[in-house]
Visitor: 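Here you go, one structure.
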Amino acid sequence: MTTTTRSLVALLDGWRDGGGPAFRALAARVRLLAVDGRLASGSRLPAERELAAALGVSRTTVSAAYAALRESGHLLSVRGSGSAVQLPGPRAADPALPASLDLTRAVLPCAPQVHAAAVLAAADLPAATARDRPGGGYDLVGLPELRELLAARYTARGLPTRPEEVLVTLGAQAAIGLLARTCTSPGDRVLVESPTYPHALDALRAAGARPVTVPVRAATARETGGWDADALEQAFARARPALAHLMPSFHNPTGAVMPEDVRRRVVELARRYGTRLVVDETTAELAVDGPAPGPFPADAVHVGTVAKTLWGGLRIGWVRADARLVRHLAQHRSPWELGTPVLEQLLVARALPHLDDVLADRREQLRAGRDTLLRLLAAAVPEWELPRVAGGFCAWVNLGAEASSALVTAAARRGLQLTAGPRFGVDGAFERFLRVPFGHPPEVLERAVPLLAAAWAEARTADRTTAPLADVV
């Protein structure tokens, strides 16, 4: 895959804003684009002379930038084949750099209920293997007891569900990828929110889908935020998408919640234009203020996971859909995946009866993190516009300037890892925004915010010389 000069120049917009040596600023921006996924690993960059002409700089500047990227492990150059983006392998820690605080991941620590469930699951394993069904432990649909528990939980939330309407997967990301591969064809239009969860967008693009965006705004002191119902209707009518991926409950990254009247309108539009609705409920039960929203109607395909409630290392998710689609999905899981681990399913089955207790604890943890973060940011960077967040993990902060990439680069020099706003956009938008997760303990946020404020001061005036080495979850 080759990155065209035109597309790279567009991604590099503003790369000189911070001043400093031009080759270092250019290398820093290319490095950041590679790390946060806007330049795909393996994609070839333009030739040095061609890029220099397009940027209006000397070839020496581009050559020095490419050399710096090769030195840092972010570029591989082969004679006759050009230079391709890559992500470096793990390196020994540099003692000259500060210890890293990773705020790229919107996660919570492992719930204590997981430990007890793991012990019980291990005890259940002999019985589970004794009644092993044909297939030798390769489970393409999910353990019956887990599907029953998940169906019962949907029913209790107001969406009557039978076990045969549940398919257990390797997390929500695997569920989205499976739906994208089986419910779309290459070239199909797919409706997505903007901003959106980047890995879901990656899965849709990997299936050959063409994203069509509808804006979502975070609620602030000045506006209510959310989805524009008229824009939704126009997008459905214009694109007639084969599939729509939506996060209506504590949207990632804005934290918005779709009102009931807009939900009903979306369902009507999907029916009218033959669009399959995929409702991503990864964060739907993580309410901080007030009750969690109810599920979408049965027309929608629901995707869920325990990674955000129980533990990120527990890679169990599911699809809730009509039984016919569940059978279809199960038949098409291979060759991308060969089933879901049985022991982890047993663990989740043991933990699910205690999920309400977990959610009560999570509410307190998230409230403490949110209140701490917003209080510290208001004091340290009063010029930023802070969101009102009722649930989920993140604050989608308006910086008031197109400096998100520069800020992330400056923060990395201080040992603070963040993800730039454009990672959450389809076409490089959102340089004015930064996602800051607040699921970390308050003491971590108290260490992070001063670093963030110092990086903000630098980002507006200093050169950019490094980039973060982290992905987004």
Side-chain angles (χ1 to χ4, degrees), residues 105-121 145-161 166 168-169 171-173 175 197 247-258 260 279-296 302-320 344-374 388-395 437-442 444-445 473:
R105 284 158 163 63
V107 294
L108 284 165
C110 181
Q113 290 85 345
V114 170
H115 306 152
V119 174
L120 296 173
E145 52 264 52
L146 180 55
R147 298 171 79 193
E148 289 172 5
L149 287 166
L150 291 169
R153 188 160 187 87
Y154 274 112
T155 300
R157 292 177 60 205
L159 182 59
T161 302
V166 176
V168 183
T169 64
Q173 183 66 20
Y197 178 57
M247 293 176 285
S249 299
F250 310 127
H251 174 268
N252 183 3
T254 68
V257 176
M258 185 180 288
E260 287 299 325
V279 175
D280 188 339
E281 292 194 311
T282 298
T283 57
E285 295 189 274
L286 292 174
V288 177
D289 298 327
F296 251 69
H302 293 74
V303 170
T305 181
V306 295
K308 299 298 188 184
T309 53
L310 293 176
W311 181 39
L314 196 54
R315 307 310 303 167
I316 296 293
W318 56 85
V319 175
R320 190 271 178 214
E344 291 192 16
Q345 291 186 74
L346 291 171
L347 192 162
V348 174
R350 284 294 194 166
L352 270 184
H354 307 285
L355 186 56
D356 286 339
D357 293 333
V358 174
L359 293 173
D361 293 339
R362 295 312 199 191
R363 179 190 296 261
E364 297 304 318
Q365 293 170 341
L366 289 168
R367 181 182 293 119
R370 179 201 62 183
D371 293 349
T372 298
L373 176 66
L374 296 182
R388 291 186 287 110
V389 187
F393 285 94
C394 313
F438 51 74
H440 304 273
V444 172
L445 300 174
V473 173

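As the structure is a computational prediction, the values presented were derived from the model and not from experiment.
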Visitor: With distance as the sole test, does R367 use its side chain to make a donor-acceptor pair with the main-chain N or O of V288 at under 3.5 Å?
Guide: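 Side chain of R367 to backbone of V288, a donor-acceptor pair under 3.5 Å: yes, one is there.
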Visitor: So that I can tick it off, tell me whether D357 and R362 are bridged by a salt bridge, with the cut-off set at under 4.0 angstrom between side-chain N and carboxylate O.
Guide: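 D357 and R362: not salt-bridged.
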Visitor: Any heavy-atom pair between the side chains of M258 and F296 that's under 4.5 Å?
Guide: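 They are in side-chain contact.
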Visitor: Once you round to the nearest 0.5 Å, how far does CD1 of I316 lie from OG1 of T169?
Guide: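 It comes to 7.5 Å.
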Visitor: Evaluate side chain to side chain contact (heavy atoms under 4.5 Å, CB included) for L355 paired with Q113, printing each intermediate quantity in order.
Guide: CA-CA 9 Å; L355 186 56; Q113 290 85 345; over 6 Å; no
Visitor: What are the two closest heavy atoms between C394 and P253, and how far apart are they?
Guide: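 The answer is CB-O, 3.8 Å.
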Visitor: Pick out which of R157, K308, M247 makes a side-chain contact (heavy atoms from CB on, under 4.5 Å) with E281.
Guide: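 Of all the options given, the one that passes is R157.
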Visitor: The test is side chain to side chain contact (heavy atoms under 4.5 Å, CB included); show your working for V358 and L310 and say whether it passes.
Guide: CA-CA 7 Å; V358 174; L310 293 176; 4.0 Å; yes
Visitor: For the atom pair CZ (R105) and NE2 (H440), what is the distance rounded to the nearest 0.5 Å?
Guide: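 It is 9.5 Å, given to the nearest 0.5 Å.
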Visitor: I'd like to know if E285 and R363 make a salt bridge, using a cut-off of under 4.0 Å between side-chain N and carboxylate O.
Guide: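 No, this pair does not count.
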Visitor: Which pair of non-hydrogen atoms, one from T283 and one from S249, has the smallest distance, and what is that distance?
Guide: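 Closest approach of T283 to S249: OG1-O, 3.3 Å.
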Visitor: Nearest 0.5 Å, what's the CD-OH distance between Q173 and Y197?
Guide: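 OH of Y197 is found 5.5 Å from CD of Q173.
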Visitor: Checking the side chain of T155 only, and the main-chain atoms of T161 only, is there a donor and an acceptor separated by less than 3.5 Å?
Guide: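 Yes, the answer is positive, given that a donor and an acceptor are paired below the 3.5 Å cut-off.
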Visitor: Please round to the nearest 0.5 Å and tell me the distance separating atom CG of L150 and atom CH2 of W318.
Guide: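 Nearest 0.5 Å value for the CG-CH2 distance: 5.0 Å.
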Visitor: Could you check whether any side-chain N or O of R370 sits under 3.5 Å from a backbone N or O of V389, counting only pairs where one atom can act as donor and the other as acceptor?
Guide: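 Judged by distance alone, yes, a pair lies under 3.5 Å.
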Visitor: Say you draw a straight line from OG1 of T309 to CG of L286; how long is it, rounded to the nearest 0.5 Å?
Guide: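 CG of L286 is found 7.0 Å from OG1 of T309.
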Visitor: Does H302 reach the side chain of V319, with side-chain heavy atoms less than 4.5 Å apart?
Guide: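 No, too far: nothing below the 4.5 Å cut-off.
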Visitor: For A349 and L149, which heavy atoms make the closest approach, and how far apart are they?
Guide: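 Looks like O-CD1, 3.3 Å.
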Visitor: Is any side-chain heavy atom of E145 less than 4.5 Å from a side-chain heavy atom of L346?
Guide: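 In short, these two side chains touch, coming nearer than 4.5 Å.
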Visitor: Could you go step by step and tell me if R320 and V303 meet the side chain to side chain contact (heavy atoms under 4.5 Å, CB included) rule?
Guide: CA-CA 6 Å; R320 190 271 178 214; V303 170; over 6 Å; no
Visitor: Assess whether side chain to side chain contact (heavy atoms under 4.5 Å, CB included) is satisfied between L359 and D356, documenting all intermediate values.
Guide: CA-CA 5 Å; L359 293 173; D356 286 339; 4.2 Å; yes
Visitor: What are the two closest non-hydrogen atoms of P442 and T372, and how far apart are they?
Guide: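 Here P442 and T372 meet closest at CB-OG1, 3.7 Å.
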Visitor: Report yes if some heavy atom in the side chain of F250 is under 4.5 Å from a heavy atom in the side chain of L366; otherwise report no.
Guide: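 F250 does not reach L366 side chain to side chain.
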Visitor: Supply the atom-to-atom distance L445 CG to L374 CG, rounded to the nearest 0.5 angstrom.
Guide: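 CG of L374 is found 10.0 Å from CG of L445.
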Visitor: Which atoms form the tightest heavy-atom contact between G171 and T305, and what is the distance?
Guide: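 In terms of heavy atoms, the two residues are closest at CA-OG1, 4.4 Å.
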Visitor: Treating R147 as the side-chain partner and V166 as the backbone partner, does any N or O pair qualify as donor plus acceptor under 3.5 Å?
Guide: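 At least one qualifying donor-acceptor pair exists.
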Visitor: Would you call V114 and L347 a side-chain contact if the rule is heavy atoms closer than 4.5 Å?
Guide: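 SC-SC contact between V114 and L347 confirmed.
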Visitor: Do T254 and H251 have side-chain heavy atoms sitting under 4.5 Å apart?
Guide: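 They are in contact (side-chain heavy atoms under 4.5 Å apart), so the answer is yes.
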